[in-house]
**Q** 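Have a look at the structure that comes next, please.
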Amino acid sequence: MASLAFSTLIKPYTSSTKIPPLSSAQSHFLAQNDRYSSIFSGKMNSCKKLCGNNRDGLVITNIATKPPSHVASDDQSEKEMENDRDHVAWTSVRQERWQGELRVQGEIPLWLNGTYLRNGPGLWHIADYNFRHLFDGYATLVGLHFHGGRLVMSHRQIESDAYMAAKKNNKLCYREFSEAPKPENFLAYVGDLVNLFSGASLTDNANTGVVKLGDGRVVCLTETIKGSIIIDPDTLDTLGKFEYSDKLGGLIHSAHPIVTDNEFLTLLPDLINPGYLVVRMEPGTNERRVIGRVSCRGGPAPGWVHSFPVTENYVVVPEMPLRYCAKNLLKAEPTPLFKFEWHPHSKAYMHVMCKASGKIVASVEVPLYVTFHFINAYEEKDEEGRVRAIIADCCEHNADTTILEKLRLQNLRSLSGQDVLPDARVGRFRIPMDGSPYGSLKAALDPNEHGKGMDMCSINPAFLGKKYRYAYACGAQRPCNFPNTLTKIDLVEKKAKNWHDEGSIPSEPFFVARPGATDEDDGVVISMISDKNGEGYAVLLDGSTFQEIARANFPYGLPYGLHGCWVPNTL
């Protein structure tokens with residue numbers, strides 16, 4: 001990873017900065033879509049508008065009519081150039097921000113009109129100090145703005161307190177996933193522990209996901225509640241904290257809430273009295289209301305709930321034997337499972353809560369499992385319409401916790417040709433609703449169909465909580481140390497279609513349905529690719545055939561990102 005100080009990541013915008021004039025094509029594009037005038041205009045006031053309230057007055061603007069093959073600071077050292085030979089997926093973003101139009105190869109559907117936002121950790125160092133885990137990096141937000149068959153790309157850092165403090169002080173100032181600030185003395189250590197219990201020292205580095213609320217606000221998220229940050233989907237400006245107005249308190253929540261135009265559902269783990277609060281927030285408010293509570297059936301703490309599924313009438317609360325651990329949270333150095341412990345003796349459970357009443361209608365023991373991401377869930381009904389069972393699908397890692405260790409940056413950067421990626425599958429839970437004490441967990445299809453790799457999934461959002469057929473995820477073409485394909489899963493035919501670009505790392509495939517479509521897979525799949533040559537590009541696949549229909553090269557490769565959302569253009 002390039003060991004750059006913050007000051008060399010970006011170049012200052014000054015009154016003497018030369019901005020290239022607009023080409024005729026760019027002027028024509030501006031005339032078609034005023035929404036992106038601040039991105040393409042060569043006038044300084046447009047640059048000022050794009051900067052927003054940026055405190056440092058720093059901006060980089062470009063039109064990628066001919067993207068450069070390498071962008072770096074003029075004073076980049078030989079050591080930094082050597083480190084740039086690492087795969088760009090695991091290398092810190094080259095500069096704080098960039099924006100411009102991209103050349104498109106192929107054809108972008110004219111109906112694709114809006115912005116795909118992708119969030120993820122993209123800056124893994126402070127001055128000469130390198131972070132150790134994928135999840136530690138400071139958030140890099142990337143926007144792909146589609147309009148009229150054309151594509152504008154932009155990226156910038158989310159201005160969390162954690163990022164801005166690190167940038168100002170050239171050192172880690174908040175606790176990240178596997179990193180903690182080094183106390184200067186014993187009193188500072190005691191103060192850090194006090195701040196940990198109050199949540200003051202926990203990061204607000206919103207580097208995990210991004211969601212569009214029903215009222216139109218766009219929020220970047222991580223697992224700390226304080227790490228909820230509102231952004232502008234057009235400029236990617238950081239607008240401020242999303243602060244909850246209720247009295248529920250708590251320090252952590254599910255990184256992946258269930259968000260629709262009508263509601264916001266999430267889980268709040270209770271570390272003191274092990275269990276989970278299931279809460280709902282209505283559009284236009286910041287107030288969470290409790291639907292109900294689930295008490296843990298096993299273990300000293302609730303299981304990790306990075307995500308959870310819902311059906312039309314129920315919330316499914318997973319209780320995984322990979323459980324939060326207060327002892328590990330207090331430690332300054334990473335433990336084998338970071339903030340968690342594996343408690344197989346505590347067993348694994350799935351709980352089902354009625355959305356309307358908050359009552360627990362099923363609680364079953366299931367085989368041990370490890371998952372980050374649930375795909376979807378639905379109600380299995382008999383001929384008379386009564387719910388017999390809940391089916392819940394997830395990206396399941398065969399109850400193998402080593403996936404967390406494999407995501408250390410050292411492991412990701414040391415691909416040796418050996419097959420070291422732990423196996424994964426589409427794990428299908430069946431939760432009976434007849435009072436039975438046990439549920440089942442099986443593979444929904446042969447894992448060889450997708451290379452025994454499975455994570456970072458999306459579906460057609462119209463099928464959320466309903467019986468569905470297709471899922472889009474990252475699979476594997478082995479040997480590999482990380483998911484390296486895009487895969488379309490057919491849960492009826494139990495087959496998969498796979499897209500692969502040798503040596504490249506794709507991010508989450510995100511499905512966008514064609515307006516007015518009736519077929520579940522009628523739409524496009526968007527992914528951002530970190531190329532093996534230090535470059536990168538956006539790719540569009542046909543949701544039905546899974547064939548590539550368009551790609552657009554970035555001016556330089558971007559780090560691997562995590563999760564995204566779609567913001568339709570309402571203009």
Side-chain angles (χ1 to χ4, degrees), residues 119 139 158 160-161 197-200 202-231 238-296 301-320 324 350-361 373-374 377 461 464-465 563 565 567:
N119 191 12
I158 295 175
S160 62
D161 291 343
F197 285 115
S198 69
L202 293 179
T203 188
D204 66 339
N205 176 24
N207 68 357
T208 304
V210 54
V211 297
K212 184 182 79 67
L213 304 183
D215 58 21
R217 289 178 293 177
V218 177
V219 181
C220 294
L221 298 164
T222 188
E223 292 190 348
T224 63
I225 290 176
K226 65 188 291 189
S228 302
I229 296 178
I230 305 172
I231 62 97
T238 298
L239 301 181
K241 293 289 185 68
F242 185 95
E243 297 181 346
Y244 297 96
S245 60
D246 53 70
K247 305 297 184 182
L248 295 179
L251 301 178
I252 54 177
H253 58 181
S254 170
H256 295 283
I258 301 295
V259 182
T260 68
D261 288 342
N262 300 316
E263 64 183 358
F264 174 106
L265 298 170
T266 194
L267 303 183
L268 307 181
D270 185 344
L271 304 182
I272 305 301
N273 182 21
Y276 313 88
L277 286 180
V278 182
V279 301
R280 173 191 286 119
M281 186 172 67
E282 301 296 330
T285 75
N286 289 38
E287 182 180 3
R288 299 163 299 179
R289 296 181 180 272
V290 177
I291 298 175
R293 189 184 193 279
V294 174
S295 295
C296 290
W304 186 21
V305 284
H306 186 72
S307 68
F308 65 99
V310 299
T311 71
E312 291 181 281
N313 298 295
Y314 303 100
V315 178
V316 181
V317 180
E319 185 182 343
M320 188 164 57
Y324 296 97
M350 297 289 280
H351 312 280
V352 180
M353 178 181 290
C354 175
K355 286 184 184 179
S357 68
K359 294 181 178 179
I360 300 171
V361 296
H373 301 115
F374 279 87
L464 175 69
H563 303 287
C565 75
V567 181

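As the structure is a prediction and not an experimental result, all values here were calculated from the model.
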**Q** Rounded at 0.5 Å granularity, tell me how far NE2 in His256 sits from CG in Leu265.
**A** 15.0 Å
**Q** Using side chain to side chain donor-acceptor pair (under 3.5 Å) as the criterion, list what pairs up with Asp261, not counting sequence neighbours.
**A** none
**Q** Taking all non-hydrogen atoms of both residues into account, name the closest pair between Ser228 and Tyr244 and its distance.
**A**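 Distance-wise, the nearest heavy atoms are OG-OH, 3.8 Å.
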**Q** Between Val259 and Phe264, which heavy-atom pair has the shortest distance, and what is it?
**A** CG2-CD1, 3.7 Å
**Q** Between Thr266 and Leu268, is there a side-chain heavy-atom distance shorter than 4.5 Å?
**A** yes
**Q** Atom CE in Met353, atom NZ in Lys359: separation rounded to 0.5 Å?
**A** 12.0 Å
**Q** Mind listing the closest non-hydrogen atom pair of Ser254 and Ser307 along with its distance?
**A** OG-CA, 3.6 Å
**Q** Taking C-beta and beyond as the side chain, do Lys241 and Ile229 meet within less than 4.5 Å on heavy atoms?
**A**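 When only atoms from C-beta onward are counted, Ile229 and Lys241 do touch, with a gap below 4.5 Å.
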**Q** Please report the shortest heavy-atom distance between Ala301 and Tyr324, naming the atom on each side.
**A** CB-O, 3.1 Å
**Q** Return the minimal non-hydrogen interatomic distance between Gly275 and Pro302, and the atom names on each side.
**A** O-CB, 3.8 Å
**Q** Between Asn262 and Glu282, what is the shortest heavy-atom contact and its length?
**A** O-OE1, 3.7 Å
**Q** Assess whether side-chain contact (heavy atoms from CB on, under 4.5 Å) is satisfied between Phe374 and Val316, documenting all intermediate values.
**A** CA-CA 10 Å; Phe374 279 87; Val316 181; 5.7 Å; no
**Q** Out of Leu277, Ile360, Leu267, which one pairs with Val294 under the side-chain contact (heavy atoms from CB on, under 4.5 Å) rule?
**A** Ile360
**Q** Between NE2 of His351 and SG of Cys296, what distance do you get to the nearest 0.5 Å?
**A**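 His351 NE2 to Cys296 SG: 6.5 Å, rounded to 0.5 Å.
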**Q** Taking only distance into account, with no hydrogens and no angle test, what donor-acceptor pairs under 3.5 Å do side-chain atoms of residues 217-227 form with protein atoms, sequence neighbours excluded?
**A**
unit_1 : atom_1 : unit_2 : atom_2 : d
Arg217 : NE     : Asp215 : OD1    : 3.4
Arg217 : NE     : Asp215 : OD2    : 3.0
Arg217 : NH1    : Asn286 : OD1    : 2.9
Arg217 : NH2    : Asp215 : OD2    : 2.9
Arg217 : NH2    : Thr285 : O      : 3.1
Arg217 : NH2    : Asn286 : OD1    : 3.1
Thr222 : OG1    : Thr208 : OG1    : 3.2
Glu223 : OE1    : Trp304 : NE1    : 3.1
Glu223 : OE2    : Trp304 : NE1    : 2.8
Glu223 : OE2    : His306 : ND1    : 2.7
Thr224 : OG1    : Thr203 : O      : 2.7
Thr224 : OG1    : Gly227 : N      : 3.3
Lys226 : NZ     : Gly199 : O      : 3.2
Lys226 : NZ     : Ala200 : O      : 3.2
Lys226 : NZ     : Leu202 : O      : 2.9

**Q** Can you find a heavy atom in the side chain of Ile158 that is under 4.5 Å from one in the side chain of Asn119?
**A**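 When only atoms from C-beta onward are counted, Asn119 and Ile158 do touch, with a gap below 4.5 Å.
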**Q** Please examine the side chains of Val315 and Ile258, heavy atoms only from C-beta on, and report whether any two atoms are closer than 4.5 Å.
**A**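 No, their side chains stay 4.5 Å or more apart.
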**Q** Might you work through the side-chain contact (heavy atoms from CB on, under 4.5 Å) test for Ile252 and Leu271, ending with a clear yes or no?
**A** CA-CA 10 Å; Ile252 54 177; Leu271 304 182; 4.2 Å; yes
**Q** Under the criterion side-chain contact (heavy atoms from CB on, under 4.5 Å), I'd like the reasoning laid out for His253 against Leu248: C-alpha separation, chi angles, the key distance, then a yes or no.
**A** CA-CA 11 Å; His253 58 181; Leu248 295 179; over 6 Å; no
**Q** Report the residues that fulfil side chain to side chain contact (heavy atoms under 4.5 Å, CB included) with Asn313, sequence neighbours left out, ordered by chain and then residue number.
**A**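 Checked Asn313 against side chain to side chain contact (heavy atoms under 4.5 Å, CB included); matches are Glu379.
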**Q** Any side-chain heavy atom of Phe242 sitting closer than 4.5 Å to one from Leu213?
**A** yes
**Q** Determine, stepwise, if the pair Lys355 / Val310 fulfils side-chain contact (heavy atoms from CB on, under 4.5 Å).
**A** CA-CA 9 Å; Lys355 286 184 184 179; Val310 299; 4.3 Å; yes
**Q** Would you check if Asp270 and Arg293 make a side-chain contact, meaning some heavy-atom pair closer than 4.5 Å?
**A**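 Yes - at least one pair of side-chain heavy atoms lies under 4.5 Å apart.
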